[in-house]
Amino acid sequence: MTDLSLPTRYDAPSCEPKWYAAWEAAGLFQPDPDPSKDPYTITIPPPNITGSLHMGHALCYPLQDLLGRYNRMQGKSVLVLPGQDHAGIATQSVVEKQLKQEGSGGAILGREKFIERVWVWRKESGDTILNQLRSLGCAFDWSRSRFTLDDGYHEAVLKVFIDWFNRGLIYRGKRVVNWDPVLQTSVSDIETERKLIKGKLYYVRYPFTDGSGEVVIATTRPETMLADVAVAVHPSDVRYKGLVGKTLTLPLMNREIPLIADSYPDPEFGSGAVKITPAHDPNDYEVGVRHSLDMPVLLDARAKITAEGGKYAGLDRYEARKQIVADLEAGGFLVKIDDHEIAVLVSDRSKEVIEPLLSEQWFCKQSALAPKVIEAVNNGETQFFPDRYNGVFIAWMENIRDWCISRQLWWGHRIPIYYTEDGTPYAALNRDDAQGQAGDKKIVRQDDDVLDTWFSSGLWPFATLGWPEQTDDLAHRYPTSVLVTDRNIINLWVARMMMMGLDLLGKKPFDDVMIYATVLTEDGRRMSKSLGTGVDPMKIIETLGADALRYTLLSQTGANQDIRYSERRTEDARNFCNKIWNATRFVLMNAPDGLPTQPETFEVVDRWLLSRLHATEKTVREAYDSYDMQLVCQTLYKFFWSEMCDWYIEVSKARLTDPAAGKTPQWVLLTAIEAFLKMLHPVMPHLTEELYSHLPLPNKAPFIMSADWPNLPSWFANEGAESRVELVFDVTRSLRALRAELGLTPGKAVAAAYYEGDLGGLESIVAGQAWVTDLKPGRPAEQGALSATTGGVEVHLPTEGLIDADKERAKASAEIEKATGDLAKLEERLNNPMFVDRAKPEVIERDRALATELRERIEKLSARLKQFGG
RNA sequence: GGGCGGUUAGCUCAGUGGUAGAGCACUUCGUUCACACCGAAGGGGUCACAGGUUCAAAUCCUGUACCGCCCACCA
């Protein structure tokens with residue numbers, strides 16, 4: 001007898017850190033160097049250093065930890081490589097906010113001091129995140145941890161940039177980009193979102209210069225008219241036939257602008273005439289290029305009117321709008337104002353309305369890179385899970401546009417472009433290198449901009465493994481096994497890694513991409529700090545434990561799109577932990593002093609549990625292999641709680657206390673628990689490790705974490721034992737129900753009960769589990785008895801005159817009615833020649849058997865009804 | 001405007017052709033020495049709606065409604 005000293009409650013918060021430290025001390029986070037083992041590699045999505053982890057992270061990282069642990073048990077050499085992302089815009093705005101609160105600001109500090117300040121923050125936030133990942137139990141190889149702005153990483157970035165620049169894949173161009181007037185930088189298309197707002201549509205009159213009438217245009221942004229350079233109509237629009245080529249006078253500015261024909265305007269919309277402001281609208285820009293129009297820039301970096309706006313110069317864009325509308329009205333140019341729903345573009349980061357702005361930026365050509373990505377996904381080299389994302393991804397890749405990679409920020413990889421006095425750009429490792437390339441011409445400055453964060457995180461799967469150096473890790477572990485990420489960054493990040501990996505290494509970066517669900521609040525809203533709907537995973541861990549939290553989230557992870565988080569569910573998971581704790585504790589209390597050995601003979605119920613264990617292992621393994629954690633958890637839960645605890649342990653209690661007979665159930669239970677703990681370990685690493693450490697086992701691994709996946713002998717599978725035992729359990733349940741009906745409390749023995757039918761020699765189980773002292777074959781001689789029929793076995797419980805005959809009659813009639821109805825439906829089907837002709841034989845067989853059973857049942861029920869005077 | 005998910009018991013969700021399931025919650029009973037973070041029994045659903053295919057539909061097809069997500073240059 002051992003471990004009677006274990007407390008009756010599992011205390012996760014005190015147990016979890018202990019094991020994390022033990023694993024780390026044992027070096028288990030580093031990959032097994034054994035070269036005969038297959039590699040399994042994950043480079044985790046590096047969290048942004050913008051604060052602390054949220055519920056989504058509490059799913060994402062444990063999910064990867066789970067995959068690592070599972071594959072380690074499957075005998076692979078596992079590396080889960082962690083790190084952090086410098087997250088340009090996001091981090092810079094966090095630090096800017098901090099400075100503002102201190103009454104300072106980046107502009108005051110200057111570039112160098114500002115960057116120093118961000119590094120201080122990087123340390124602080126980075127450490128927080130690291131500790132949180134540890135609290136979650138993540139077995140990541142911290143010795144290989146990378147940061148997207150560390151020195152080696154910077155080298156990789158330089159190499160790619162220079163290479164692509166020299167190959168013409170990176171170019172500089174003047175384009176209308178998405179300008180964020182708050183962060184004062186350009187952002188890419190996918191860093192914006194569309195929001196429908198209630199706005200106005202202004203109709204404005206532009207008179208012909210020669211006084212021969214006017215053209216009415218419609219606009220949602222009247223202030224941009226100051227920079228209008230033309231009005232366009234569709235060439236087929238009859239309303240403007242013969243007018244194209246004439247000149248209009250731009251109101252307020254008194255500038256002359258042409259009326260031109262272009263395919264862009266939709267004759268159906270508004271008046272069919274569109275004002276053209278090339279510098280402030282992507283479509284207008286296209287028109288401007290086609291017609292070689294001027295492109296005056298009307299708004300500056302903060303979205304204030306420039307000198308181009310004449311007397312409106314200096315006004316904010318919205319003030320200017322008000323003023324201009326008023327002036328247009330005063331001048332008699334305003335025709336009308338309609339309410340109009342506008343889809344404005346909003347910056348993801350600042351939530352500010354984007355201003356389309358013509359500016360000089362660096363772009364990455366996608367047309368040469370995208371086809372390889374599409375091909376890799378199309379031919380299944382890289383596969384998304386759930387597979388619906390394959391199509392979504394390809395559709396997006398097929399319509400990809402060039403990627404604006406320059407950002408007007410300080411925090412990030414500074415663009416390695418150096419200019420000579422005449423403005424010629426050289427892509428170089430450093431200034432000297434650039435000077436070498438420039439020859440006689442003198443290099444005078446480096447480009448001020450930095451690269452889009454995703455340019456560097458796109459290198460993640462290989463830069464973290466040492467690229468551009470040809471390291472062992474890179475040789476053995478690229479392509480990585482799986483990328484686990486959130487669907488919001490499929491285009492932002494996954495696409496870039498695919499493009500970069502395929503182009504630079506000639507190989508896809510990962511075999512699988514697993515997209516996990518978004519964690520929402522209990523009522524289905526987005527979790528967000530600013531809305532106050534966020535739940536702090538660390539608070540949950542402190543009270544209920546990391547394992548319970550992991551189970552909560554992982555047990556809801558399959559092919560679903562969303563998860564609603566409820567703390568109540570984590571309490572359930574905590575209860576499950578406690579159940580596992582106590583059942584194991586119970587088994588240990590009854591465990592033999594020496595190591596258990598496999599018994600010679602088994603009872604049917606032993607074979608039943610071993611068979612259920614065997615089936616459970618297969619289901620769980622296949623579920624892990626297909627990323628269906630939901631099925632993993634559900635299967636393990638049912639096996640442990642219902643099958644092992646509620647039935648097997650209860651049935652075996654009597655034997656367990658017997659020194660001789662106890663050896664068999666003890667061995668069965670230890671075998672089942674060991675396998676169960678191993679299968680559950682990837683989900684609940686700490687609890688399983690703690691319990692494993694107490695199990696008396698031969699050939700025990702130093703840690704469950706480093707143990708092999710259970711290898712169960714095939715003779716465990718035993719369908720015969722399963723069906724025999726399950727029939728007996730069904731009969732037991734129906735007898736218990738009869739007891740409950742009589743108000744007999746569970747556990748209190750009744751003297752006698754009777755059964756008719758075949759219990760396969762397992763009468764003692766029924767008697768024991770239904771708390772019957774003497775279970776006899778046949779029918780009770782005395783009058784009053786309650787009866788029930790299950791699976792062809794009828795049980796009778798004598799009542800000693802306690803029966804309410806009316807109630808029993810009513811019950812029997814109701815059951816007869818139900819059975820008769822079911823039988824009628826069944827017979828109708830069986831009498832249908834089409835059914836007999838076309839249905840599968842086993843279905844017909846089963847229905848016939850069911851019909852026979854129903855007839856017997858009705859017979860028995862009718863007899864019962866008669867007995868009660870019906 | 002296009003695409004993708006979802007709609008099943010009070011709640012959260014399983015269930016891809018053969019007479020509806022789990023956990024929680026609820027009701028009743030029970031502290032029998034693993035566990036009250038427990039055990040036993042029970043109530044509760046015309047599977048969003050309308051058509052269709054089929055011997056048979058929660059399940060396959062078409063359409064509709066509502067919820068959510070993604071993509072999209074209508075001023």
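All values below were derived from every heavy atom in this structure, side-chain atoms included, with hydrogens, water molecules and symmetry-related copies excluded. Computed from a prediction, not measured in an experiment: that's the story for all the values here. Within every chain, numbering begins at 1; the chains are lettered A, B, ... in the order of the sequence lines, protein sequences first and strands thereafter.
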B:rA9 versus B:rA20 - spacing of their C1' atoms, nearest Å: 10 Å
Qualifying residue, where the test is side chain to side chain contact (heavy atoms under 4.5 Å, CB included) with A:Lys200 and the options are A:Ile342, A:Asp338, A:Asp339, A:Thr220: A:Asp339
Spacing of the C1' atoms in B:rG5 and B:rC74 (rounded, Å): 28 Å
Those residues that, when tested against A:Arg568, pass salt bridge (charged side-chain N to carboxylate O under 4.0 Å, His left out) (two or more places apart): A:Asp572
Any A:Val772 side-chain heavy atom under 4.5 Å of A:Val766 side chain: no
Aromatic plane relationship, A:Phe576 with A:Phe640 - under 30° parallel, 30 to 60° tilted, over 60° perpendicular: perpendicular
Span that lies between the P atom of B:rA22 and that of B:rG42, in whole angstrom: 12 Å
B:rU54 to B:rG21 separation - P atoms, rounded to the nearest Å: 28 Å
CD (A:Glu817) with more than 12 external heavy atoms under 6.0 Å: no
Footprint string (nucleotides 69-75 of chain B, 5' to 3'): B base within contact, S backbone only, - free, heavy atoms under 4.0 Å: SS-BBBB
Watson-Crick and G-U pairing of RNA chain B written in dot-bracket, each distance under 3.5 angstrom, with | for inter-strand partners: ((((((((.[[[[.)..(..]]]].(((((.......))))).....[[[[[..)....]]]]])))))))....
Pairwise C1' distance, B:rU46 and B:rU8 [rounded to whole Å]: 12 Å
Closest nucleotide among B:rG23, B:rC35, B:rG39 to the A:Asp572 side chain: B:rG23
Nucleotide N/O of nucleotides 30-34 of chain B paired with protein N/O under 3.5 Å:
residue, atom, partner, partner atom, Å
B:rA34, O2', A:Asn582, OD1, 3.0
B:rA34, O2', A:Arg585, NH1, 2.3
B:rA34, N7, A:Lys653, NZ, 3.2
B:rA34, N6, A:Glu650, OE2, 3.1
B:rA34, N3, A:Asn582, O, 3.3
B:rA34, N3, A:Ala583, N, 3.4

Nucleotide B:rC37, atom P - distance to CZ of A:Arg574 in whole Å: 8 Å
Partners meeting salt bridge (charged side-chain N to carboxylate O under 4.0 Å, His left out) with A:Lys825 (sequence neighbours left out): none
Salt bridge (charged side-chain N to carboxylate O under 4.0 Å, His left out) partners for A:Lys579, two or more places apart: none
Nearest-Å distance once atom P is located in both B:rC47 and B:rU7: 14 Å
Charged tip of A:Arg205 within 45° of A:Phe333 ring normal and under 6.0 Å: no
Distance below 4.0 Å between A:Arg569 side-chain N/O and B:rU12 OP1 or OP2: no
Nearest-angstrom distance from the residue atom OH of A:Tyr551 to P of B:rU12: 19 Å
Interatomic distance, A:Tyr648 OH vs B:rC35 P [rounded to whole Å]: 20 Å
Contact list for residues 542-555 of chain A, test salt bridge (charged side-chain N to carboxylate O under 4.0 Å, His left out), sequence neighbours left out: A:Asp65-A:Arg550
Test side chain to side chain contact (heavy atoms under 4.5 Å, CB included) applied to A:Leu636 and A:Thr616, A:Thr619, A:Leu677, the passing residue: A:Thr616
Whether A:Asn560 side chain and A:Gln556 backbone form a donor-acceptor pair below 3.5 Å: yes
Atom pair distance, as rounded to whole Å: CD1 in A:Ile580 and C1' in B:rC37: 12 Å
Within the sub-3.5 Å range, which N or O atoms of nucleotides 8-11 of chain B have a protein N or O partner, and how far apart are they?
none

Distance in angstrom units between A:Leu6 CG and B:rC35 P, rounded: 12 Å
Residue pair A:Leu826 / A:Ala851: nearest heavy atoms and the distance that separates them: CD2-N, 3.6 Å
Any donor-acceptor N or O pair under 3.5 Å, side chains A:Thr820, A:Lys818: no
Quick test: give all pairs of protein nitrogen or oxygen and nucleotides 43-47 of chain B nitrogen or oxygen below 3.5 Å, distance rounded to 0.1 Å.
none

More than 12 heavy atoms from other groups under 6.0 Å of CD on A:Glu828: no
Sugar-phosphate, base or nothing in reach of A:Arg9, heavy atoms under 4.0 Å: base
Review item, nucleotides 19-22 of chain B N/O atoms under 3.5 Å of protein N/O:
residue, atom, partner, partner atom, Å
B:rU19, OP2, A:Arg846, NH2, 2.7

A:Asn560 side chain near B:rG5 phosphate (N/O to OP1/OP2, under 4.0 Å): no
Whether over 12 other heavy atoms sit under 6.0 Å from A:Lys811 NZ: yes
B:rA50 to B:rA36 separation - C1' atoms, rounded to the nearest Å: 50 Å
Salt-bridge criterion met for A:Glu567 and A:Arg574 (N-O under 4.0 Å): no
Any residue meeting salt bridge (charged side-chain N to carboxylate O under 4.0 Å, His left out) with A:Arg175, in chain and number order, not counting sequence neighbours: none
Whether over 12 other heavy atoms sit under 6.0 Å from A:Glu726 CD: yes
Salt bridge present between A:Glu223 and A:Arg317 (N-O < 4.0 angstrom): no
Spacing of the P atoms in B:rA14 and B:rG6 (rounded, Å): 9 Å
Protein-nucleotide distance (A:Glu741, atom CD; B:rA41, atom P), rounded to Å: 13 Å
Whole angstrom value for the distance that separates P of B:rC37 from CD of A:Glu571: 11 Å
Salt bridge (charged side-chain N to carboxylate O under 4.0 Å, His left out): pairs with one or both residues in residues 393-402 of chain A, sequence neighbours excluded: A:Asp189-A:Arg401
Between B:rC67 (P) and A:Asp523 (CG): distance, integer Å: 16 Å
